[in-house]
Each structure stands twice: as structure tokens, then as C-alpha cells.
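Reading through the C-alpha cells given below for one structure.
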Protein chains: 4
Amino acid sequence: MASATRRVGAETSATRALIIDATAQLIREQGYAAISTRRVAARAGLKPSLVHYYFPTTDDLLVEVSRHGADQSDRMIEEALASDDPLRALWDFFMDTSRTAMALEFMAMANHREAVRRHMAEHSEAMRQRQVEILRHILGKRIERLEGFDPAGLSLVLAGIGRAIVMEEGLGVKTGHAEARQIVETWLEKLAPDQS
Amino acid sequence: MASATRRVGAETSATRALIIDATAQLIREQGYAAISTRRVAARAGLKPSLVHYYFPTTDDLLVEVSRHGADQSDRMIEEALASDDPLRALWDFFMDTSRTAMALEFMAMANHREAVRRHMAEHSEAMRQRQVEILRHILGKRIERLEGFDPAGLSLVLAGIGRAIVMEEGLGVKTGHAEARQIVETWLEKLAPDQS
Amino acid sequence: MASATRRVGAETSATRALIIDATAQLIREQGYAAISTRRVAARAGLKPSLVHYYFPTTDDLLVEVSRHGADQSDRMIEEALASDDPLRALWDFFMDTSRTAMALEFMAMANHREAVRRHMAEHSEAMRQRQVEILRHILGKRIERLEGFDPAGLSLVLAGIGRAIVMEEGLGVKTGHAEARQIVETWLEKLAPDQS
Amino acid sequence: MASATRRVGAETSATRALIIDATAQLIREQGYAAISTRRVAARAGLKPSLVHYYFPTTDDLLVEVSRHGADQSDRMIEEALASDDPLRALWDFFMDTSRTAMALEFMAMANHREAVRRHMAEHSEAMRQRQVEILRHILGKRIERLEGFDPAGLSLVLAGIGRAIVMEEGLGVKTGHAEARQIVETWLEKLAPDQS
DNA sequence: AATGAATGAGGATTCATTCAT
DNA sequence: GATGAATGAATCCTCATTCAT
């Protein structure tokens, strides 16, 4: 990958990590549009040029932050899929406000940054497929309890509803949230592992 | 409202409309981050200062564009809710790529522009409530055919799934889309008006 | 021409002229590599952003300065070609240190700036052809007094020798200059209008 | 000389040669304005700091590259002057596009870099004098066949015409080139060694 | 002999906004 | 209504150079 060769400074550099952290913080707090060399540097307590020393272009930085977020998501999903009630754990994952808000920022960013879009697309696709693979295995015949559902569709549906709720909460909208959660709840119960 | 007092130029000016249109076009094509007085002016074939003449601040302009988009959505929703198969019409509305993409841009914008956020929140809430009101009336007892669903939840669920599909399509992700549409299809059929 | 549409500010603006002058001065004194928005602005006593207001890109500015220099050259050449001894006047033109030095800067600049290269090429070609046209008319049969010469070749030869002398003088080289001038002198005398 | 004391690393280091080569290449391809520690390092496949290790300042590097080019020119000239038809060989040397283009870059550079200017001046002067010395010896009385010419003047005239042609070719100008070459051709023939 | 980290200055542009006309 | 001029702050990015290792 191109950015790999351009990477400056040890993978493990503390400064590098500091910059990535500061950027993620800023995105979380103020949205992706707030990202600029100066602001990132200020937040990290560094000089702007040092940011460019580690990340020659802003794209390089943002893709790296995206990558970190993706790694974290991957870990969370694996944990969820390995839990007792994988489906409910997955739903909790989709409802994780801070993570979803961050993901939405990267979605928006992807519209304007081809490099980010590429990475997000790859990761989203991989994530969905990983979920399908495990869900198919875990749910087995249970999925038939939800008429019309299949694992791939279920993954997208849960993700979409989760994102909508988080997005609207950020906006300050509330109507329908409890009801939507209730709908999902009904599904989760139907699909819950047999307790026998 | 502050922007009301600041508004310059007749509400009905053709130039005003031109500016709003140009802005909407730009947002649709290049995302909200591409908005700047200069670019809007260039697209509209006007001088930058004229944009400021009509919209003293960029916020004023964006809120106005948001308002226009909202009005259009309102009209589309009323049409949908008045159609033969309101639920399917509503789903088509949620799946309208261009409108949804635009709505997502405004969501992202809302993070950084308090004025836009306020307007988006008000409108989203109103839109949802209007849907609930009509759906409750239209669906009547039919909603019970979908176990666990209620009109408010249904509205959010459809919106969320629609947005997710459009968002992911923009990204280039495909897995699960057909399956998710199939899930919704099952619901729509169950809730379709009795043909008797 | 593209830059025409991009031109901001009245053609006749005093500020515009000020910027062009300042740029020409800087090139003359410090070479083209010394040109930067900041330096031009400082020399003109203006703010850097004002330079960009009049000349959106540095290329726009440099092409404009090149154009001004070309206009001046044109006037000088027309004057020379209209004089009593056009050939000697042309030679004096080629030996004009300040103008030639400036032309050399633009030649160097042309290597790195396509827009400048284009303009320089057009103008040089036109200038040469104008000289050929007039020389052919003026010299008539006299050119035969210099065996092997023809007007087009003569134009290039004089230009080349002139440039070389000016260039080397700038460098601090002296050997051969007087002798080269003597060679040209011999030609000029042979070609001088008959005194009869 | 300052640069002598500042020079670090063995005169004969392969890395040193690599850097000088890379710099020369870059100048040839992109002009001297494209030279920067980073770009040179990238081209040479080295780390930027290593360039500074060998050449503490950019001036040091450029003077060295200039010196190498000069050495090469010297060798080419000695070869030319030792050939059967030294004058024609000299003319071929002046018409060598790549070398002349490079020389012009150094001329332009000399305007802004005193160290380079000094070196260029010394070398040009020496080169001219060496040519005069040999031409005087070689041409002997033959020079009288060209009325008004003398070896020093001839050297400058050939150099000037050659440079002008190469310079204009780079620009894309063509008028008069063939004719100027013809003029020189006439001289060369007149001065060719007697075949008797 | 080599290199990673750091920095301050400067590069071209773009921006929203103000103001006088 | 409309516009040209002006500006200060911000954008990303590149640079030569220094220094400690």
C-alpha cells in the first residue's frame, strides 16, 4: 500500500500515537470538518510541521485514524460474535453511541476523501462478510423464526437501525427510538439461543 | 429568528432562488465541505459579494438550503402518504438515493453548524410525527400483522435501513443490500392494503 | 485565453499595475526564483492576499509580467526597425543589458512554467518573424554582401551573440566580448545603408 | 574554500557520487528550481539527512554538481580540440542539447547562488581561454579567411549561437534555426583544414 | 557512516467577511 | 440591487537545517 511506504517514524512512535489520538478525539468532539493540521497539532501539544513529518498528507493521517478505528471495531465484533448471545452482543455493538458516531463521521468524510472511502469500503464489506459468516454458523436454522430474514440482511438491518438511532440522538430527535428498539428486541428474543 | 431579521432581498427574488439552487447542486455533487461563497457564486454565475448580499453569513445560506430541502421532503412525504399504497411509497421515498444522500450531508453539516442542527432536528421530529400520525390512521389494525411493530418504530426502521443502503452504496459496499430489501419487501407485502 | 476570464480587477487598476511593476523589479534584481506572493506584496507595499485577489495564481501574474515585457520589446523593435540604420538599432536592442537579462529570466522560467513557456514561444516566434519580414524588405540585395547569411539566420545570430554577451557579463566573464562585438561591427558596416 | 573544509565524507564515496548523479538528473529533467534535499534523496533512494551529511548546505551540493559538469565539459572540449576538425567538433559540442540545457540551468542558478556564480564564472573564463589558446594555434593564418574574426570572438560567437538554438528549441521556437546553422556551416567550411 | 526527530520559516491558495460606492 | 477592493486568518504542504543518537 502506498501510504505504507510513505509512513515516517517508527510504527510504535509515541508521538505518532499521540497525533492519531488527538485526531480521533477532535473528530469525536467536533466532527471531521474540524480536522486541520493546526488543530490536530494544538490538541496534541505539538508543532504543526511535526504532524506533517509523521503524516505527509492529511489523507495519510485520516486513513490511519480510520484504520485504528476499524481495528477496534474488529476486536469488538469478534468479541461480540464469540459471546453467549452473539446477536444481542452485535446489537449492543451497533448501538454503541461513541463508536457509531465516529463511524458516521468517517462515512461523511468518505464522500470527500477518496483514500478514506476506499478504506471504509473495504473494511465495511469485510466486516459485513465476517458477520454473515459467523451469524450463518451460529444462528443455523433459528434464522427461520424471523420470516424473510437472512444473515446478510439481518446484519445490514441491525446496523442501519443502530446508526439511525445514534444519528438522530446526536441531532436531538427522539420520536420512535424506544419503539424501534422494541422491534429489534422482539427479534432478538425470537432468535435467542434455546434455553433448554 | 436571527436569520429572519438578517435576510436581505425579497423572499421571492430570482437571484435568491438561483443561489439556493446552486448551493444545493454543489452539496449534492461535491458534499457540503465544498461549499464556499466563491464556489457557490461561480456555480450560479454571480459575483461572490452578491451571495453575501443575500445571505450575510454562510449559516444563513445553509439553513435556507436546508429549509428548501425540507419543504421538498414534506411534499414528497405528503404525496407518499396520500398514495394507494402509502407504506410502499414511503419506502420508495426513503430509498431515493439523491434525496437521502443530500439528507446525509445535512446530518454531517449539523455537527458543525448549530443553526443547521436546530433546523434539522425540528424538521426530522416533525416529519417522523407526521408519518406516525398518518400511518397510525392508515394502517389501523393491519400493523398487528407485524409482530412487535408500531408506526413510530416502523418509520424509524424504514428510514434507517434506507439510509444505510444509500450510504453504503455511495461507499461501494454491496453485501446484504438485496437481502435487506427483501426483508422490507416481506413487511410491505404483509401490510399491503387488502385487495378484497 | 483562460487567464483573460480569470483576470480580476479593472485592466487599468493602479494596484494591478503596482503589482506587475513590483514583480518585474524583483525579477530584474533577484531573478525569477525570488518571486513569491509574499515578496511581491512586500515590495509593492500590499498584503499578500491582495496579490492573489488580482492574480489568482502565480502563473497568472508571471504571464502578465511576461506580456508586459513583450509589449515593451515589441515597441523597441518597431522603433529599431523604423530607424535610419535598422540593423544597428536591432543590434543595440539585443545588447540592451537590462532587457536581455530580463528576457533570460523568462527563458529560465519557461522551463518550469508551462503557461510562461507558451507565451514566450509565441512571442519569440512572432518577434523573429517580424524582424525577418522587415529585414528582408530593408536589406534587399545588401544581405548578399555577407556570404551565407539570410535575414532569418541573421536575426538569430545577432540575438544569440547579444544574449551570450549579456549573460556572461552578468556572470563576470569578459574574454572574447570585445572581439565578438568587433565581428558584429564588421557585419554592420558591410550592411550599412549606402551613403551615396 | 569554505566548501572544502565543510566537505564531509570521503571524496570518493559511492554514496556521494550517487547524490551528485541524482541531483544532475533532477536538474536535467525538472530544472534547478526542483532541487531540494528531499527530492534529491528520493531520487537517489536515500534518506534526506544523508544528503545533508555529505553536503551540509544546498550550495555545497550544487557547486559540486556544477564542478562535475564542468569537468565533463572540459573533457569534451579537450577531445574536440584534439580532433581532426577541431572547429567543427567544437561546434558540435556547443550544439549538444542536453549539455547546453544543463549549462543554462546553471547560468540561471548562478543568479541566486553566489557560490555557483563564482564557480561558473571561473570555469567559463578558463574554458574560453583554453579554446582561444588552442584555436589560435590550430587555425593559424586560416582565421583570416573569415574577415573580422579572431579566435576569442569566434569562440563566443559559436557558443552564443549554439546556446540560442538550444534555448529556443526548448521553448518551441523554430524560425531561423536552419538558416543560422547554415551561416555557421559556411564558416566551418571556409576554415576547414586544407585537404591538400 | 547514517538516520529519525524536530522545528521555524515560508510556499501558494482559499476563505468569510466588511465596506465604500 | 449589485459589485470591486481589501484583509486577516486559515488551509495544506515543503523546505533547509540542526541535533542527538
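Every chain is numbered from 1, with letters handed out A, B, ... down the list of sequences. What's counted below: heavy atoms across the whole structure, side chains too, no hydrogens, waters or symmetry copies.
- Residue-to-nucleotide contacts include a donor-acceptor pair under 3.5 Å from the side chain of A/Ser49 to the base of E/dG8.
- D/Arg39 has no side-chain polar atom (N or O) that falls below the 4.0 Å cut-off from OP1 or OP2 of F/dT14.
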Requested in this report: Go through A/Met109 and A/Ile27 one step at a time and tell me if the side chain to side chain contact (heavy atoms under 4.5 Å, CB included) criterion holds.
Outcome: CA-CA 10 Å; A/Met109 203 188 296; A/Ile27 294 178; 3.9 Å; yes
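- Between the side chain of C/Arg43 and the backbone N or O of C/Ala22, no donor-acceptor pair lies under 3.5 Å.
- Distance C/Leu46 CG to F/dT7 P: 8 Å, rounded to the nearest Å.
- Taking atom OH of C/Tyr32 as the reference point, atom C1' of E/dA12 lies 16 Å away to the nearest angstrom.
- Using cut-offs of 30° and 60° for the angle between ring planes, the C/Tyr32 and C/His112 rings count as parallel.
- When the P atom of E/dT14 is taken as reference, atom CD of B/Gln30 falls 14 Å away, rounded to whole Å.
- Salt bridge annotation for C/Glu64-C/Arg16: present, with a cationic side-chain nitrogen under 4.0 angstrom from a carboxylate oxygen.
- If you measure from atom CD1 of B/Ile35 to atom C1' of E/dT17, you get 17 Å, rounded to the nearest angstrom.
- If you find the closest nucleotide of DNA chain F to A/Asp59 and to C/Leu50, the one lying nearer the 5' end belongs to C/Leu50.
- A close approach under 4.0 Å does not occur between any side-chain nitrogen or oxygen of B/Tyr53 and OP1 or OP2 of F/dG1.
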Report task. With pairs defined as Watson-Crick or G-U wobble and both distances under 3.5 angstrom, please note down DNA chain F as a dot-bracket string, | for pairing with another strand. Result -> .||||||||||||||||||||
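- Put simply, the side chain of D/Thr23 gets close to the backbone of D/Ile19: a donor and an acceptor are under 3.5 Å apart.
- Checking the phosphate oxygens (OP1, OP2) of E/dT14, no side-chain nitrogen or oxygen of B/Ser36 falls inside 4.0 Å.
- Taking side-chain N and O atoms only, D/Thr37 has no distance below 4.0 Å to OP1 or OP2 of F/dC15.
- For the pair B/Phe55 CZ and F/dG1 P, the interatomic distance rounds to 13 Å; values are reported in whole Å.
- B/Asn111 places a side-chain heavy atom less than 4.5 Å from the side chain of A/Glu105.
- The side chain of A/Arg38 contributes an N or O atom lying less than 4.0 Å from OP1 or OP2 of F/dT11.
- Using a cutoff of 4.0 Å between basic side-chain nitrogens and carboxylate oxygens, D/Glu122 and D/Arg118 are not scored as salt-bridged.
- Side-chain nitrogen and oxygen atoms of A/Ser13 include none within less than 4.0 Å of the OP1 or OP2 phosphate oxygen of E/dG4.
- Atom CD1 of A/Ile19 and atom C1' of E/dT7 are 13 Å apart (whole Å).
- Contact between the side-chain N/O atoms of C/Tyr54 and the OP1/OP2 oxygens of F/dG4 is not found at any separation under 4.0 Å.
- In this structure, C/Thr15 reaches the F/dA6 phosphate: one of its side-chain N or O atoms is under 4.0 Å from OP1 or OP2.
- Atom NE2 in A/His52 sits roughly 15 Å away from atom P in F/dA10 (whole-Å rounding).
- Heavy atoms of C/Leu61 sit nowhere under 4.0 angstrom from any nucleic acid atom.
- Each of B/Leu61, B/Thr57, B/Val51 was checked for a side chain to side chain contact (heavy atoms under 4.5 Å, CB included) with B/Thr37, and the lone residue meeting it is B/Val51.
- Computed from coordinates, the B/Asp60 CG to E/dT18 P distance equals 11 Å when rounded to whole Å.
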